[in-house]
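Counting starts at 1 for both ligands and their atoms, following the listed order. Bear in mind the structure is a predicted one, so any value in this text is a computation, not a measurement. FYI, side chains are in, hydrogens and waters are out, and symmetry mates aren't considered; it's all heavy atoms of this structure.
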Amino acid sequence: MIVLGIETSCDETGIAVYDSEKGLLADALYSQVQLHQKYGGVVPELASRDHIRKTLPLIKEVLEKSGLDLKDINGLAYTAGPGLAGALLVGAAIGRSIGMTLDIPTVGIHHMEGHLLAPLLEDNPPGFPFVALLVSGGHTQLVEVLAIGQYKLIGESLDDAAGEAFDKVAKMLDLPYPGGPQVAELAKKGKPERVVFPRPMTNRPGLDFSFSGLKTATLNTVEDAKIEGVLDEQTRADIAWAFQEAVADTMVIKCRRAFKHSGMRRLVIAGGVSANTRLREKLALMAKQEGGELFYPGLKYCTDNGAMIAYAGCMRLLAGQQDDLVIQAKPRWNMETLTALEN
Ligand code: KG4
Ligand code: ZN
């Protein structure tokens with residue numbers, strides 16, 4: 001089965017073609033970062049309008065890259081939620097309409113399921129079951145994954161998502177949006193241990209996260225360290241280092257607990273923040289210490305992309321699932337309510 005995947009849930013238009021026999025045939029991504037940068041974050045209405053401009057040209061580009069014609073596509077997948085309502089509607093309307101016109105099965109995919117399955121596109125994919133740490137701009141979740149669609153939420157952030165915390169700290173350090181990669185880059189120049197932040201919610205039992213206290217601690221440190229309103233370069237880098245270290249250590253502690261809680265020894269990290277190399281390093285070490293293994297997507301499939309949607313769609317369509325003739329956009333959507341596929 002050859003599936004066209006469409007991702008438009010936030011500020012990236014992602015398109016891909018996935019072949020169940022040959023794997024990923026082609027993909028393309030258009031990032032709206034430039035468009036939103038001057039506002040310091042995503043402006044939903046601008047995002048929707050840009051998806052309208054970019055989706056069809058990108059589909060054309062991906063079909064050309066894969067040497068296929070639209071009539072060679074026999075399955076269609078689009079991101080149905082969660083995400084920005086208007087942005088989702090663009091992908092849903094275009095995806096469902098192409099599906100109807102070609103008379104091929106079409107399915108709306110849960111964005112976080114896409115992230116969660118992205119490591120299965122790699123050469124050494126994790127087998128089921130596994131624990132997944134989903135860390136994106138909108139979500140921080142620990143999930144027990146028994147099979148595709150069999151998800152049990154065992155922990156989540158009570159306030160900011162990890163990516164959101166990175167983005168806010170980036171602003172405090174005068175770094176442009178999206179801040180995660182910029183904070184990570186600046187942290188490379190940081191001197192270890194000059195600044196140390198708390199590892200939030202690790203003294204209490206449980207698998208939930210909270211990043212608001214860490215964010216406030218970072219803000220206070222930034223303000224205190226300013227001399228006549230200016231932060232010197234080394235202190236900026238030291239704060240970036242300390243923040244990243246606190247987030248990574250917190251995740252290591254929670255993931256170690258999740259291993260104990262679930263009895264599982266495979267850990268998947270996915271979503272934008274899983275691109276963070278320090279986090280990967282620390283989690284890989286922890287997994288090894290516990291006799292387990294860490295899996296993550298290739299760098300370009302950590303952040304939003306069409307390949308993960310095409311892949312998740314292909315798995316669901318092959319299992320016989322498909323949607324009625326409806327355009328669905330679900331800005332809020334609980335992963336635990338998804339239809340389970342047999343393992
Ligand atoms: O998964 P994603 O592309 O979009 C959502 O579904 O939200 O995640 C975007 C988030 C942003 O908050 C961005 O700052 C963060 O992922 N991010 C990173 C890194 N690369 C992206 N955070 C920390 N380190 C990185 N290297
Ligand atoms: Zn995402």
Item to check | Exam field: side chain Thr55 to backbone His51, donor-acceptor pair closer than 3.5 Å | outcome: yes

Next on the checklist: For the metal site, I want the angle between atom NE2 of His115 and atom NE2 of His111 with the Zn ion (ligand 2) at the apex, to 10°.
Outcome noted: 100°

Item to check | Ligand-side contact atoms (ligand 1) for residue partner Gly138, heavy atom cut-off under 4.0 Å | outcome: 7 (O)

Item to check | Nearest non-hydrogen partners of Thr202 and Lys254, listed with the distance | outcome: CG2-CE, 4.3 Å

Next on the checklist: Is the ring pair Phe166/Phe243 parallel, tilted or perpendicular, if the boundaries are 30 and 60 degrees?
Outcome noted: perpendicular

Item to check | His111 and ligand 1 - part of the residue with a heavy-atom distance under 4.0 Å | outcome: side chain

Next on the checklist: Tell me whether Phe259 shares a hydrophobic cluster with Met201, the cluster being built from Ile, Leu, Val, Met, Phe, Trp, Tyr side chains joined at under 4.5 Å.
Outcome noted: no

Next on the checklist: Looking only at protein heavy atoms, which one is nearest to atom 7 (O) of ligand 1, and what is the separation?
Outcome noted: Gly137 N, 2.8 Å

Checklist entry - Hey, does Gly272 come in under 3.5 Å of ligand 1, counting only N/O atoms on both sides? => result yes

Checklist entry - Should Asp167 be counted as touching ligand 1, given the test is an N or O pair under 3.5 Å? => result yes

Checklist entry - Does the cation-pi check pass for Arg280 over Tyr296, that is, NZ or CZ under 6.0 Å from the six-membered ring centre and within 45° of its axis? => result yes

Next on the checklist: I'd like the atom name of the N/O/S atom in Asp304 lying closest to the Zn ion (ligand 2).
Outcome noted: OD1

Item to check | Salt bridge Glu233-Lys189, side-chain N to carboxylate O under 4.0 Å | outcome: no

Item to check | Joint hydrophobic cluster, Tyr301 plus Leu117, side-chain heavy atoms closer than 4.5 Å | outcome: yes

Checklist entry - Short N/O distance, under 3.5 Å, between Gly163 and ligand 1? => result yes

Checklist entry - Between His111 and His115, how do the two ring planes meet: parallel, tilted or perpendicular, split at 30° and 60°? => result perpendicular

Item to check | Nearest-option assignment for atom 26 (N) of ligand 1, heavy atoms, candidates Asn305, Val135, Leu299, Asn276 | outcome: Asn276

Checklist outcome for this item: Going by the 4.0 angstrom heavy-atom rule, the piece of Thr303 near ligand 1 is both

Checklist entry - Got the closest protein heavy atom to atom 2 (P) of ligand 1, with its distance? => result Asp304 OD1, 3.4 Å

Item to check | ligand 1 versus His115: contacting region, heavy-atom distance under 4.0 Å | outcome: side chain

Checklist entry - Is Ala184 in polar range of ligand 1, meaning some N or O pair under 3.5 Å apart? => result no

Checklist outcome for this item: Value for CD1 (Ile104) from CG (Asn74), rounded to nearest 0.5 Å, stands at 7.0 Å

Next on the checklist: Taking Tyr78 as the starting point, is it possible to reach Ile327 by hopping between hydrophobic residues whose side chains are less than 4.5 Å apart?
Outcome noted: no

Checklist entry - So, does Cys10 sit close enough to ligand 1 that a heavy atom of it is under 4.0 Å from the ligand? => result no

Checklist entry - So which protein heavy atom does atom 18 (C) of ligand 1 come closest to, and at what separation? => result Gly180 CA, 3.6 Å

